[in-house]
Amino acid sequence: MQYSPAASAIRLESLKNLDPVKTFECGQCFRWNAEPDGSYTGVAFGKAARVWVEDGEVYISGGAEDYDSIWRDYFDLSRDYEAILDGLELDGYAAQAAGYGAGIRILRQDGWEALCSFIISQCNNIPRIKRIIETLCSMYGEKISFENRIYYSFPAADRLAGLDADELAPLKCGYRAPFIIEAARAVASGALDLDRLAEAGYDRALSELTALRGVGKKVADCAILYGLHMQDAFPVDVWIKRALEAHYPEGFDPAAFGKAAGLVQQYIYYFIRSADKDKIGFDCNRGV
DNA sequence: AAACAGGCCTAAA
DNA sequence: TTTAGGCCTGTT
């Protein structure tokens with residue numbers, strides 16, 4: 001269970017406030033994978049890393065430099081999730097989901113990677129989404145050596161912008177290929193400036209993103225929440241829709257949760273998607 | 001075999 | 001403004 005890396009490691013957070021399994025498996029990201037020893041390896045912002053739990057604390061490989069430049073921000077460590085949860089007024093179902101998902105954090109991912117990944121996700125399942133993304137990275141990303149294995153960065157938009165959609169055939173991503181290329185061209189040309197959009201507000205971001213072919217409200221909301229870091233975004237997919245219809249027949253207003261709406265969405269998604277796995281018998285009054 | 005999967009787009013009322 | 005099909009591919 002415990003992993004002792006030869007290289008240096010940095011403590012990220014307590015397990016209570018950052019549960020790697022829940023955070024990586026709640027559907028917000030596609031490039032972190034469980035290893036046989038229970039740790040996770042993955043790539044973000046061009047850096048490969050390993051995350052593991054030891055004595056109730058969560059660690060990441062690498063030194064202070066990577067932590068300062070990448071991981072502190074990526075794991076959203078400057079937000080106090082305990083305080084956010086204390087301030088939330090959750091009713092029965094949402095409260096149960098929040099109890100079950102305690103430890104989930106919203107990762108602050110790269111905007112282009114999030115946009116591209118969720119274009120791929122449409123009408124698709126998670127194993128295939130991950131397979132397509134890994135193939136894309138291995139074909140067009142930069143090689144990264146880490147712990148005697150080769151990883152690949154997520155390809156920059158300008159790396160893909162010059163490609164023809166046919167060249168993505170090995171991805172077997174079907175009709176999504178031209179969407180990927182067109183989005184890459186928009187970002188690479190500067191016509192779509194994701195850094196600026198992140199500062200521009202939700203309405204502007206939504207209208208510019210949905211102007212892309214293959215990007216509707218759901219995909220745009222995912223890009224906005226995970227890639228542009230607007231934590232009040234509330235992506236509604238078929239699962240969330242079903243859960244809300246079943247438990248809030250009179251309607252459901254994410255705005256009631258303000259800046260925590262995205263987190264509440266993540267709790268509900270993780271809760272409903274885990275239904276057949278291990279949450280049978282889960283008692284929200286006892287916590288996790 | 002046929003339906004479905006973390007949607008989106010277009011055509012037709 | 002809402003609704004039905006079709007879309008690549010893989011899995012059940």
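Naming: A, B, ... by sequence-line order, numbering from 1 per chain.
A salt bridge between A:Arg79 and A:Asp76 is present, with a side-chain N of the basic residue lying under 4.0 Å from a carboxylate O of the acidic one.
Residue contacts shown for A:Leu171 are absent, as no nucleic acid heavy atom lies under 4.0 Å away. A:Cys173 comes within 4.0 angstrom of a base, heavy atoms only. Within the 4.0 angstrom heavy-atom criterion, base atoms lie near A:Tyr269. Residue contacts for A:Lys172: at a heavy-atom cut-off of 4.0 Å it reaches the sugar-phosphate backbone alone, with no base atom in range.
Protein atom CZ of A:Phe118 is 15 Å distant from nucleotide atom C1' of B:dA5, rounded to whole Å. The distance between atom CD1 of A:Ile120 and atom P of B:dC8, rounded to the nearest whole Å, is 14 Å. What separates CD1 of A:Ile180 from P of C:dT9 is a distance of 13 Å, to the nearest Å. If you measure from atom CD1 of A:Ile240 to atom C1' of B:dG7, you get 15 Å, rounded to the nearest angstrom. Rounding to whole angstrom units, CG of residue A:Leu168 and P of C:dT9 are separated by 12 Å. The distance between atom NZ of A:Lys241 and atom P of B:dG7, rounded to the nearest whole Å, is 11 Å.
Position along DNA chain B of the nearest nucleotide to A:Tyr226 versus A:Phe179 favours A:Tyr226 as the more 5'-ward residue.
Judged by distance alone, with hydrogens and angles left aside, A:Arg176 brings a side-chain donor or acceptor within reach of the base of C:dC8, the pair sitting under 3.5 Å.
No hydrogens or angles considered: nothing links the side chains of A:Glu57 and A:Ser14 as a donor-acceptor pair under 3.5 Å. With hydrogens and angles left out, the side-chain atoms of A:Tyr74 and A:Arg72 include no donor and acceptor closer than 3.5 Å. Side chain to side chain, A:Asp86 and A:Tyr81 fail the donor-acceptor criterion of an N or O pair below 3.5 Å. Side-chain atoms of A:Tyr40 and A:Glu25 form a donor-acceptor pair, as typed in the model, at a separation below 3.5 Å.
Proximity of residues 121-140 of chain A to DNA chain C (heavy atom under 4.0 angstrom from any strand atom) is restricted to A:Arg128, A:Arg131.
Using P as the reference atom, C:dC8 and B:dA11 are 15 Å apart when rounded to the nearest Å.
The aromatic rings of A:Phe257 and A:Phe252 are tilted relative to each other, their planes meeting at an angle between 30° and 60°.
Each of A:Val58, A:Leu18, A:Ile70 was evaluated against A:Phe75; a single residue qualifies, A:Leu18, per the side chain to side chain contact (heavy atoms under 4.5 Å, CB included) test.
Within the shown strands, nothing qualifies as a pairing partner of C:dC8 under the Watson-Crick or G-U definition with both distances less than 3.5 Å.
Closest to the side chain of A:Arg242, from the set B:dG7, B:dA5, C:dT9, is B:dA5.
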